[in-house]
Asker: 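Below is a structure I'd like to ask you about.
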Amino acid sequence: MQITNIQSKIYEPESIVNFKVALIERVIPQNVIIKITTDEGIIGYGEAAPFLPVTGSDAQETQHFIQKIATLLIGKDPFYLENIHNLMNQVVVGQNAAKAGIDMALYDIIGKSSGQPLYKLLGGNSNQIETDMTLGIDTPENMAKKAVEYTEMGFRILKVKTGINSIEDIHAIKLIREAVGPDIELRLDANQGWDAKETIRTMKALEKYNVLEVEQPVPYWNLAACCQIRESISQHLMLDESVHSPQDALRAIQTEAADMINIKLMKCGGIYQGIKINAISEVAGIPCMVGCMSESRLGIAAGAALVGAKSNIRASDLDSHYLIAESPHITGGFVQDGGLITIVDKPGLGVEVNFDAL
Ligand SMILES: [Mg+2]
């Protein structure tokens with residue numbers, strides 16, 4: 001089989017939730033949808049969801065790189081993942097969202113060609129996974145109201161964005177816990193907004209509200225602070241922005257800076273590299289989560305396939321399709337009931353994309 005064409009299109013889903021995190025005032029998604037055609041008539045779809053403060057690229061740059069790499073991939077066998085990833089890495093350092101989008105489309109082709117859903121091809125652990133739902137930063141009262149709304153929709157795990165003002169963060173968590181009751185699992189994500197002392201102080205104050213973990217409390221480069229925090233708090237510490245590559249994961253593990261690692265396809269350059277991060281973590285006894293940027297159902301289906309493949313990926317934060325207005329031209333992949341995602345039993349990603357209508 002040979003790749004005969006690679007097309008890409010910038011896709012701007014309308015955001016329906018005003019989403020604020022410690023890194024940036026408002027997240028406005030602009031993604032790139034990729035269509036790879038082969039000489040056997042099999043078509044694969046992928047999605048790049050770059051996010052400037054984390055991936056260092058925007059949609060325009062991402063599309064530019066996809067077009068650049070496309071000329072080099074024509075004639076290649078889509079099963080040559082190792083070869084293609086090496087080639088992409090030789091051509092450009094970084095641009096991992098673009099690489100992830102291409103990687104995703106290639107895996108879609110591999111699944112369709114094999115007649116198997118991707119989660120089975122990648123390992124086959126379960127076709128059912130449970131995602132959390134994320135609350136953006138707002139007034140503590142509004143956050144508590146939103147939390148109730150999400151639990152009424154059936155979500156049992158909430159991830160709460162924090163990191164701008166720890167006094168307000170503590171108040172928000174108090175109101176959320178009181179509003180949703182004791183059985184809902186709460187995770188925090190500070191998106192690098194605190195330092196070690198503020199994290200330790202805040203997490204100690206939050207002990208009575210039964211928060212399971214804190215994600216990326218300090219700047220991505222400060223693994224030493226993460227070690228200090230881990231020694232001082234009772235909750236788990238998950239790394240997100242600190243871990244882009246398998247090498248980052250190894251460094252975090254060697255320095256004992258993490259209890260968990262958040263794999264995002266857009267940070268690491270796709271499923272191929274995400275599998276390596278999970279493998280390194282698993283042998284070190286560190287569970288992983290798969291998170292997302294602002295992917296539509298297409299990119300979320302790819303993340304879900306990775307979670308459904310690997311038992312060491314114990315958590316998922318695959319909720320961005322809830323924060324945007326879903327397109328009638330991107331459908332399938334999975335069915336969802338509250339936080340419970342059931343992956344469809346269709347070859348590849350199982351997502352139907354009407355590329356021309358996007
Ligand atoms: Mg995060």
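As the structure lists them, so they are numbered: ligands from 1, and atoms in each ligand from 1.
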Asker: Among the N, O or S atoms of Asp189, which one sits nearest to the Mg ion (ligand 1)?
Answerer: OD2
Asker: Quiz question: by atom type and distance under 3.5 Å, do the side chains of Tyr45 and Glu352 form a donor-acceptor pair?
Answerer: no
Asker: Determine whether the aromatic ring centres of Phe334 and Tyr119 lie less than 6.0 Å apart.
Answerer: no
Asker: Which of the N/O/S atoms in Glu215 sits closest to the Mg ion (ligand 1)?
Answerer: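 Minimum-distance N/O/S atom of Glu215 relative to the Mg ion (ligand 1) is OE2.
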Asker: Give a yes-or-no answer on whether the side chains of Asn262 and Lys267 include a donor-acceptor pair shorter than 3.5 Å.
Answerer: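 Result is no, nothing qualifies.
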Asker: With the Mg ion (ligand 1) as the reference point, give the N/O/S atom of Asp240 that is nearest.
Answerer: OD2
Asker: Look at Arg187 together with Asp132 and state whether they make a salt bridge at an N to O cut-off of under 4.0 Å.
Answerer: yes
